[in-house]
Trainee: 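Mind having a look at this structure? Questions to follow.
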Amino acid sequence: MYRAPVEDIAFTLKHVAGLKPALEAGTFGDLGEDLVDAILAEAGRFATDEVAPLYKIGDERGAVLKDAAVTMPPGWKELYRRWIDGGWNALSGPEEFGGQALPTMLGVAALEMWNSAAMAFGIGPTLTMGAVEALDKHASEALKAKYLAKLVSGEWMGTMNLTEPQAGSDLAALRSRAEPAGDGTYRIFGQKIFITYGEHDFTDNIIHLVLARLPDAPAGTRGISLFLVPKFLVGDDGALGARNDVFCSGLEHKLGIHASPTCTMIYGDGFAGAKPGAIGWLVGEENKGLACMFTMMNNARLCVGMQGVAVAETATQKAIAYANERRQGKASDYAGAGMAPIVHHPDVQRNLLTMQALTQIARAISYSCAHAIDRARVAEGEAAANWRDRANLLTPLAKAFSTDVGVDVASLGVQVHGGMGFIEETGAAALYRDARIAPIYEGTNGIQAIDLVARKLPLGGGQHVHRYIGELKAVADAVRISNVEGFGRTADSLDQALDDLSEATRFLQKLLAEGRSDEALAGATPYLRLISLAAGGAYLAQGALADHGRVALCRFFAENLLGEVRALKERVVGGAESLAAAGKTLISA
């Protein structure tokens, strides 16, 4: 069973992502290491002792829909109540509405643990936290006063309603409509699909944030507005009133995360005899809804990245435990009687070390992204702008690379288990099933790669990414002059990878400058993996410099896996023409 790796999480936060020097500089006020350690320890205890034991029943029983109401698996409602009673939903919420206003870094670290213990549980509060951020930044004071305190505490949960049957990644195709009622409210009509936690029995109210079009809205994404639509209307005294005209008409039968209710939501259909039209309130300005929703989506993208880290961590723990128990064959370094535990076999060791390294890299990238978000919030002027650029640069890496890692590591976990990995009882297959959704939702990983190349490489006049690479090269230099035993060829491997990253980056920036965007985007996905691996190698080295017990894994990655960067660079620089030519053969007449 999963045990929260509190020590590894704290180490990465402090010594790799930058929390320790920030605390020492007073960046986050009175927050100190003692409080950080206490929060992480208690989050780890709760994840290990309270959440993880309910994972299997959630996977086996799932969420159940009957008469437009969803019942969660046995024990899950009570688990959620204990979770919010512990104050976990309010961890990084605004103080004005009952939150603790702690750094995002602590929020995502705790989120990793919830998702490691049960991804289907951890994803629900993710959407609520995103709704809090969107409303805090964009809603009217009246809406904040009525809804934010209960969303921050977790007494109510929030959702994000974007996708429609004809509008997935392309939100310009949205058809849901909003009609002004003349009293400051709107009537919402339409269908939304793939709505996570759109209906459940955790809370007595659910606050939906819904994208829809006003009657006179311009076409495309410029004509989308954002509306708050509660499941139950709320009186001025905060008491729940009549049921709103919104309901769940179906649950998706999914590959994984079975306990997470993925709903089809119907707005304005006259539910239970109501007058047609779900009552909603505008959030932000008319036709500016996408900008408001992106506040929530950017939060969700980092949180989904943490799901990749989380599943990878659990899969790695499970695989290492199994490899130490399962006995097969002989091994030269095993002196015991009978067959050797498979952990003694070099190929199994290679798989396990690959799992460990990729998990630690994804964690470091995601925590560094969270650190940049935190620094941007407290900094001013040019420094704030630089930290915002860093957060924007790292967000697609945190989302896409980490979720790819989640799938890759879970797959390796099945492999380490051998035939037993293909059997549901071991739990390795369940993690693989859960992990597979994360590269798809909250913007597919292909879209993240496009965003990285088209929007993030030009940041700071194209120089921000090179400043970042320069920081990574400083780590390689520190390894070279450290004289620490055991690094082997790590510095040389890092230098080569970072040189390849620089070359690939300048190549793509040149294509963009010349208006050859299709050629640049042909290399977007390999480029995202390239920069993530190169950065990850530097982060592993930074950790190894701070704790020499981590040198062996750093060297393994540098000498066994980092060479992939060279091949990825060749795909970025030389793959566009062949991709375009072969791609034409796939298109039907």
Side-chain angles (χ1 to χ4, degrees), residues 162-175 193-194 219-224 255 290 294 297 301 304-305 308 392-393 395-408 411 432 435-459 462 465 497 499-534 561 563-589:
L162 287 76
T163 307
E164 299 177 7
Q166 78 292 340
S169 299
D170 187 359
L171 295 177
L174 289 178
R175 295 175 185 164
I193 63 172
F194 299 153
T221 57
R222 294 182 179 180
I224 297 174
L255 178 67
L290 202 57
F294 262 108
M297 288 175 68
R301 285 172 176 173
V304 169
N392 287 332
L393 175 68
T395 294
L397 276 64
K399 194 280 179 182
F401 179 73
S402 297
T403 56
D404 283 343
V405 162
V407 174
D408 292 346
S411 179
Y432 188 42
R436 195 57 193 85
I437 183 57
I440 298 172
Y441 58 21
E442 302 309 336
T444 67
N445 285 1
I447 289 175
Q448 302 303 316
I450 290 171
D451 175 61
L452 171 64
V453 169
R455 297 186 179 92
K456 305 307 170 56
L457 291 190
L459 289 172
V465 64
D499 286 345
D500 288 336
L501 171 58
S502 295
E503 183 180 343
T505 302
R506 296 189 188 283
F507 175 79
L508 291 175
Q509 289 176 325
K510 182 174 183 292
L511 290 181
L512 293 172
E514 294 173 353
R516 297 156 64 187
S517 59
D518 283 352
E519 293 177 60
L521 296 185
T525 291
Y527 178 78
L528 189 148
R529 185 168 180 85
L530 186 163
I531 188 174
S532 300
L533 289 173
L561 303 178
E564 183 184 345
V565 166
R566 170 56 61 90
L568 290 166
K569 185 200 73 172
E570 295 303 322
R571 290 174 60 189
V572 171
V573 173
E577 184 177 346
S578 61
L579 174 61
K584 293 177 181 178
T585 68
L586 303 174
I587 300 172
S588 301

Trainee: If every non-hydrogen atom of T163 is compared with every non-hydrogen atom of F194, which pair is closest and at what distance?
Mentor: CG2-CD1, 4.2 Å
Trainee: Taking only residues two or more places apart in sequence or in another chain, which ones pass side chain to side chain donor-acceptor pair (under 3.5 Å) with E564?
Mentor: R529
Trainee: Give the minimum heavy-atom separation between V407 and A435, together with the two atoms involved.
Mentor: CG2-O, 3.6 Å
Trainee: For A522 versus L579, what's the shortest heavy-atom pair and its separation?
Mentor: CB-CD2, 3.6 Å
Trainee: Quick check for you: to the nearest 0.5 Å, what is the distance between D500 atom CG and I531 atom CD1?
Mentor: 13.0 Å
Trainee: With R175, which residues qualify under salt bridge (Lys or Arg N to Asp or Glu O under 4.0 Å), at least two apart?
Mentor: none
Trainee: Nearest 0.5 angstrom please: R506 CZ to L511 CG, how far?
Mentor: 14.0 Å
Trainee: Sequence neighbours left out, what passes side chain to side chain contact (heavy atoms under 4.5 Å, CB included) with S532? Give chain and number order.
Mentor: I365, L397, F401, L528
Trainee: Can you give me the closest heavy-atom contact between A438 and N445, atom names plus distance?
Mentor: O-OD1, 4.4 Å
Trainee: Determine which pairs satisfy side chain to side chain donor-acceptor pair (under 3.5 Å) with at least one residue from residues 511-521, sequence neighbours left out, and list them in order.
Mentor: K510-E514, E514-R516, R516-E519
Trainee: Y527: what forms a side chain to side chain donor-acceptor pair (under 3.5 Å) with it, not counting sequence neighbours?
Mentor: T505
Trainee: Donor-acceptor pairs under 3.5 angstrom involving side-chain atoms of residues 447-456: please list them, not counting sequence neighbours.
Mentor:
from: Q448; atom 1: NE2; to: E442; atom 2: O; distance (Å): 3.4
from: Q448; atom 1: NE2; to: G443; atom 2: O; distance (Å): 3.2
from: D451; atom 1: OD2; to: K456; atom 2: NZ; distance (Å): 2.7
from: K456; atom 1: NZ; to: N392; atom 2: O; distance (Å): 3.0

Trainee: Can you list everything that forms a salt bridge (Lys or Arg N to Asp or Glu O under 4.0 Å) with E577? Sequence neighbours excluded, please.
Mentor: none
Trainee: Under the side chain to side chain donor-acceptor pair (under 3.5 Å) rule, collect the residues that match up with R571, sequence neighbours excluded.
Mentor: none
Trainee: Taking atom OG1 of T403 and atom OH of Y441, what is their separation to the nearest 0.5 Å?
Mentor: 9.5 Å
Trainee: Say you draw a straight line from CG of L512 to CD of Q509; how long is it, rounded to the nearest 0.5 Å?
Mentor: 7.5 Å
Trainee: Among residues at least two apart in sequence or on other chains, which ones pass side chain to side chain contact (heavy atoms under 4.5 Å, CB included) with V573?
Mentor: F507, K569
Trainee: Can L530 and L501 be said to form a side-chain contact (heavy atoms from CB on, under 4.5 Å), step by step?
Mentor: CA-CA 7 Å; L530 186 163; L501 171 58; 3.4 Å; yes
Trainee: In a table with atom names and distances, give each donor-acceptor pair under 3.5 Å that connects a side chain of residues 166-174 to protein atoms at least two apart or in another chain.
Mentor:
from: Q166; atom 1: NE2; to: E164; atom 2: OE1; distance (Å): 2.7
from: Q166; atom 1: NE2; to: A173; atom 2: O; distance (Å): 3.0
from: D170; atom 1: OD1; to: A172; atom 2: N; distance (Å): 3.2

Trainee: Report the residues that fulfil side chain to side chain donor-acceptor pair (under 3.5 Å) with S411, sequence neighbours left out, ordered by chain and then residue number.
Mentor: none
